[in-house]
Amino acid sequence: MIRDALLIARKDLLIEWRSRVTINQVAPLGLLILIVFAFAFDANRNLLTKGAPGLVWVGVLFAGVLTVQRSFTIESADGITDALRLSSISPVAMFLGKAAAVGLQLFVLEIVLVGGAVVFFDSRIGDPVLLIAAAVTGTGGFSAIGCIYGAMSLGVRVRETLLPLLLIPVVAPILLAGTRAFERALDISTQAGWNWVGLLGVMWGVYLAVGTLAFGPLLEDG
Amino acid sequence: MVSATKPEMPVSPRTSARMATSSVGTTVLGWLAFVSLVATAVLGLVVSPRDVVTGDAVRFLYLHVPVIWVAYGAFISCAIASALFLWKGKSRADRGRHLDRVAGASAEVGVVFTALALITGAMWGRITWGVYWQWDARLTMTAMMFVSFLGYLALRRLPTEPSVRSKRAAIAALVSSVNLPLVHFSVDWWRTLHQEASLSVDEAEITGNMYSVLLFSSVAFVLTGIWLVAHRYRVIRLEEIRDDEGLELAIAARRAEAGVD
């Protein structure tokens, strides 16, 4: 199963690498969100530095919705979903593979966005280990739940508007916990950050469990 | 030439036999709900005393607290019906459509009652806290629950195969329900300003007349909630019959029209 999951992840990443959609469109959009926030807050340096963790996660959230959408758009064309179902690959492996591919893309995006926060908002990385742990657990959870809803909106004409409506309320706890952990890692608050990483890890586990159960039935109809 | 008289849409025997949206039971329930709501208004506005601290604003209690209880109950009903749909749906004679309708009707009523709770809460908050909204744990959690189930209702409206739609909606309801404790836990850690639960078995903060009125109004809103779910259930069933028999009726109507011409 792990081999199959890696195959799916490799396929998705290869498509992304060749099409360059994440690098050329989604990542610049994430940076653009940071810049637009500077306009919204009248380039108030103190305010932007203080709000940087939240702004980074909002950027991840919106760019993440696009990444999930993209990951399932490539499946819906040319009956690829049916072809995958006809192959011997189990739905669980497909879910894990797709979640891993989305998660890896979002992790790279987060590195870009944190870099953007350092440059544009004068953020200072005080605890890099905490920062990476929060980024890994947060994006892991996001990609797992994102893939469940991505499969749910497969084959639906109104997917572009439906997916954000379904996904954003569900990932709100990730945004909240990720922001609090980043606040500690970027030396903005002195509150414990590892508790939030623990909570992100629990969410990741729950979403992975739900996904392994739900992905098969969702694909049956796709 | 177009005929001057419009032919009547024929109704199939299957449809006409199940056309009613009420029964003796729901009519009685409806009247009970109506009378108890009127009584709640009288009790809440006239009989209940003013609060020593918040004055007349305390009367929001009889509206705000029962509606959120009904909303919670409706969402729990939606989650249970969705779980049963996924678990037992395939083995049932009606392919779980009954359970799907219960889930849909409950979620609709839950969303309406949550909206009512948010609106009345904002009005009450403006008077007691001085602001419409506080970013405390319980309010944030309620807002998240509201938008989650709005998404669920959007999913139910998708123009896809009914069985596909039902299955996806049931999974969405369950994922939202599984997620609620995570939302609750995270926002609880984030901040908590809201007052403690209004009613508890061990020590009630509200006593005497106010306690009785709150209990009465809760019963009134629960009856209203059940009545609304029963009616929405029937309307959903009629919509399904209309969709199932739509083509059959359209052909019959076309034939009738041709006969008139």
Side-chain angles (χ1 to χ4, degrees), chain A residues 54 138 141 144-159 161-181 183 189 191-193 195-196 198-207 209-211 213-222, chain B residues 75 79 82-83 85-87 89-90 95-96 107 111 114 135-137 139-191:
Chain A
I145 191 83
C147 285
I148 298 170
Y149 281 97
M152 211 176 276
S153 56
L154 252 179
V156 175
R157 269 176 296 173
V158 289
R159 182 176 51 219
T161 45
L162 182 70
L163 186 64
L165 177 64
L166 290 173
L167 189 55
I168 291 175
V170 180
V171 296
I174 295 180
L175 178 75
L176 191 52
T179 302
R180 296 287 92 81
E183 275 179 359
S189 89
Q191 288 179 341
N195 290 353
W196 292 105
L199 184 61
L200 284 170
V202 170
M203 289 184 215
W204 190 6
V206 170
Y207 297 150
V210 172
L213 289 172
F215 208 72
L218 282 173
L219 277 194
E220 273 172 28
D221 305 317
Chain B
F75 289 141
S82 300
F85 172 83
L86 291 172
W87 184 34
K90 273 187 181 168
R95 310 291 290 168
V111 164
T114 309
W135 287 104
D136 83 320
L139 271 172
T140 313
M141 160 93 182
T142 309
M144 297 316 297
M145 189 170 73
F146 179 64
V147 284
S148 278
F149 277 90
L150 273 183
Y152 168 82
L153 291 183
L155 199 58
R156 287 190 70 87
R157 291 269 163 208
L158 284 184
T160 51
E161 185 70 25
S163 61
V164 174
R165 191 173 50 209
S166 302
K167 193 189 279 185
R168 290 185 184 187
I171 292 172
L174 282 184
V175 175
S176 292
S177 307
V178 167
N179 199 48
L180 279 180
L182 294 173
V183 179
H184 179 77
F185 197 62
S186 56
V187 292
D188 211 28
W189 263 11
W190 183 36
R191 55 184 58 186

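We name chains A, B, ... by the order of the sequence lines, and we start the count at 1 in each one.
- For the pair L182(B) and P173(A), the tightest heavy-atom approach, listed with the atom from each and the gap, is O-CB, 4.2 Å.
- Residues A172(A) and M144(B) come closest through the heavy atom pair CB-CE, 3.2 Å.
- Heavy-atom distances place the backbone of Y152(B), and not its side chain, under 4.5 Å from chain A.
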Steps toward side chain to side chain contact (heavy atoms under 4.5 Å, CB included) verdict (I145(A), V175(B)): CA-CA 9 Å; I145(A) 191 83; V175(B) 175; 3.6 Å; yes
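- Only the side chain of V178(B) comes within contact range of chain A, judged by heavy atoms closer than 4.5 Å.
- Residues N179(B) and V170(A) share a closest heavy-atom pair of ND2-O, 2.9 Å.
- Proximity to chain A is limited to the side chain of L158(B), based on heavy atoms less than 4.5 angstrom apart.
- The candidate from V202(A), V210(A), L199(A) with the greatest count of non-hydrogen atom pairs under 4.5 Å with chain B is L199(A).
- Using a 4.5 Å cut-off between heavy atoms, S153(A) contacts chain B through its backbone alone, with no side-chain atom that close.
- Residue L174(B): no heavy atom, backbone or side chain, is found under 4.5 Å from chain A.
- Remark: L165(A) CG to S148(B) OG distance equals 9.0 Å, nearest 0.5 Å.
- Taking each heavy atom of R168(B) and M152(A) in turn, the nearest pair found is NH1-O, 2.7 Å.
- Here the closest heavy-atom approach between residue A214(A) and residue I171(B) is recorded as CB-CG2, 3.8 Å.
- Heavy-atom pairs under 4.5 Å with chain A peak, among A143(B), A172(B), A169(B), S176(B), at A172(B).
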